[in-house]
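Data first, discussion second: the structure below is written as structure tokens.
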Number of protein chains: 2
Amino acid sequence: MRVTINDIAKAANVSPSTVSRALADSPRISKATKRKIFKIMEEMNYYPNVIARSLARKSTNIIGVLVMGTTEKAFQHPFFPEILRGVASVAYKNEYKILISSVTDMDEQRKIVNDLTQSGITEGLLILSSGVNDPTIPYLKEIQFPFVIVGRPDNENEVNWVDNDNVSIGYQMTRHLIEVGCTDIAFLGVDKKFMVTLDRLKGYKMALKENNIPLNEDLIVEGKFVDDTGYDLMKKLLDRGIVPSGVIACDDLLAFGAIKCLNEKGLRVPEDVAVAGFNNVPLSSYFTPPLTSVDINAFSLGAKGFELLLNSIKSEVKSFNRAIIPFQLIVRESTMKKGS
Amino acid sequence: MRVTINDIAKAANVSPSTVSRALADSPRISKATKRKIFKIMEEMNYYPNVIARSLARKSTNIIGVLVMGTTEKAFQHPFFPEILRGVASVAYKNEYKILISSVTDMDEQRKIVNDLTQSGITEGLLILSSGVNDPTIPYLKEIQFPFVIVGRPDNENEVNWVDNDNVSIGYQMTRHLIEVGCTDIAFLGVDKKFMVTLDRLKGYKMALKENNIPLNEDLIVEGKFVDDTGYDLMKKLLDRGIVPSGVIACDDLLAFGAIKCLNEKGLRVPEDVAVAGFNNVPLSSYFTPPLTSVDINAFSLGAKGFELLLNSIKSEVKSFNRAIIPFQLIVRESTMKKGS
DNA sequence: CTGAAAGCGCTTACAG
DNA sequence: CTGAAAGCGCTTACAG
């Protein structure tokens, strides 16, 4: 039924070995033979079977992408597809394929990781999640399976990872708000389970210190990182009688909610309160007011992540690599106070 | 190095065939033998190699998901990941894996489709894109490769597909706007390349006709389906001196832009102009004003899409199946005119 | 209930 | 420059 290397061999009057070598463009096969073989392949509409090839070569050219916590809204965040695009782009160039698995709970995660690492289908894993204390990480290290984390993990010197410098991101944004005249700056959406929010908070504190602004813990509001609770977080603050002059939300989606809440209380953005987000979602520039944010270059995060993974797969000498992707502060109306 | 079925066979003093059968839980193997074999597998930490299994069984349990037009913003739309979640959910239950490919241009698409269909890795294809006149479709039909399209294709009776009833969606939304007192209703974002927008427009026209409202072509504005041009489309209309009492945008993201434009011109939503979108993105409920939209149940689109594909792969007798996923009209403030 | 053997479609030392 | 043979790690008729 399906034409195999043996069919081609017969038709070309050569051995299967020779066909295989022609396919691999081995220098040991004469040009003439190659030409003949390729012509026949064309005629007979031959395509190599990658499964058979994988078995023989003991290499599948497939990596797995693991998306954690898909029951939460995280997976719906615009930067996830963007990361995936980056991964796909470099993977394609390197003739790698991408197996994607989304995981809801820890139990499922254990099963899927086990499957992906033991069944021989996948050569390495790209993990999209910077959850603190993920038990998968020590497991992967133990079995020495190549993997890269997108997002800074807690044990940053013992794994491969790629991320932005989120401390710097938090710092820059806070400094920006200080520069436009804010002193009491709220920080919304810290989630202890996500390094990224902790890092951004760290940068926030650094900037305050550097500018001799006393830290007010009341201005820091915990919450889910990516969720529709920006409104609630802001409300919590206002209900306590606190009206900050600036607000930094850990994600644009949170910032949108916060702005809505401020508006309802009759507070104008940016005149009364300057508001900024992070991650620069597509809508941010079209929001009212256009939202100051940080472009994290999600595409590059994915692209670089794949590169690191490929390195880890191919490299003889094991090492732990990291990559820091640059970001851009994007100032828009939502933080443009008069006089600044 | 890696433990194989032969290692287990030796350790258990049986033949590889028996181990294989135990693995498949064949009734032809005694309970006692199975127990012994499983115990040894446990001890030796054995996992079957799915590549070898795939080759022997001639079946990989892998499907491909093809995402078209990833250079456009489409891929970043929140409903794509949601569809993927639906696919993954059912695939997981059926022990299928998902290979994902995103495609930018037609040239790349041809290569990837060719690869996915000929290399033997993938048993069927799920195509995310309802682009009109996609050359891939006739090709897949010709080679009789199982596939399902998410989105109604032009040749709807000759392929498997799953979609909402977009005519009905357009109709219901328009009727809703008419009910709240709108008569001159603009329709933004028709893109002839996407069936979904054409269908929604069709429903719009049906509703007008049914209510004896004359069709005004000037109110229909073409544009990219999913893009940040809602502002521009609305502006185009207003610049022509047209101020509709209602606006339907082909996507929530477009509606956000349209609202912004209206606001800048001093028009209030919904008091002066009622505005509605489609697809119910996460932000819609938190927008100011909360946006009337339609929940298309993207998760179900993906889940059902996989079911159809699995059917197509397994079924002896070939047929063309379709599935229509229900939707929900979600009325929010943006269309709540006074008195309605 | 179990085994020996052939086969899935390739690749690759080994030999010439 | 080319081929015969073994092997990748499974499954599955065939035979008993």
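Labels below follow one simple rule: chain letters A, B, ... track the order of the sequence lines, proteins then strands, and each chain is numbered from 1.
Here, C/dG16 and C/dT12 have their C1' atoms 16 Å apart, quoted to the whole Å.
Side-chain proximity of B/R21 to D/dC10, C/dC10, C/dA4: nearest is C/dA4. Minimum atom distance to the side chain of A/S20 is reached by C/dT11, of the listed D/dA4, C/dT11, D/dC14. Residue B/R2 places its side chain closer to D/dG9 than to any other of D/dG3, C/dT2, D/dG9.
Annotation: the span from B/I62 atom CD1 to A/K97 atom NZ amounts to 10.0 Å, rounded to 0.5 Å.
Defined by atom type and a distance below 3.5 Å, a donor-acceptor pair is missing between the side-chain atoms of A/R152 and A/N164. For the residue pair B/Y96 / B/E123, a side-chain donor-acceptor distance below 3.5 Å is found, with atom types taken as modelled. Judged by distance alone, the side chains of B/T18 and B/S15 do bring a donor and an acceptor atom under 3.5 Å apart. Between the side chains of B/D115 and A/Y47, no donor-acceptor pair of N or O atoms lies under 3.5 Å.
Along DNA chain C, the nucleotide nearest to A/A52 and the one nearest to B/K31 differ in position, and the one closer to the 5' end is contacted by B/K31. Projected onto DNA chain D by closest heavy-atom contact, A/T18 and B/R57 fall at different nucleotides, the more 5' of which corresponds to A/T18.
Here A/V50 lies out of heavy-atom contact (under 4.0 Å) with every strand. B/S17 comes within 4.0 angstrom of a base, heavy atoms only. Residue contacts for A/T33: at a heavy-atom cut-off of 4.0 Å it reaches the sugar-phosphate backbone alone, with no base atom in range.
A sub-4.0 Å separation between OP1 or OP2 of C/dG9 and a side-chain N or O of B/K58 is present. Contact between the side-chain N/O atoms of B/S15 and the OP1/OP2 oxygens of C/dG3 is found at a separation under 4.0 Å. Contact annotation: A/Y47 side-chain N/O to C/dC10 OP1/OP2 distance is not under 4.0 Å.
Nucleotide C/dT11 holds its P atom 11 Å from the CG atom of A/L55, rounded to whole Å. We find that CZ of B/R53 is positioned 5 Å from P of D/dT11, with the value rounded to whole Å. Atom CD1 of A/I51 and atom P of D/dC10 are 14 Å apart (whole Å).
As the counterpart of C/dA15, D/dT2 is assigned, both hydrogen-bonding distances of the Watson-Crick or G-U wobble pattern falling under 3.5 Å.
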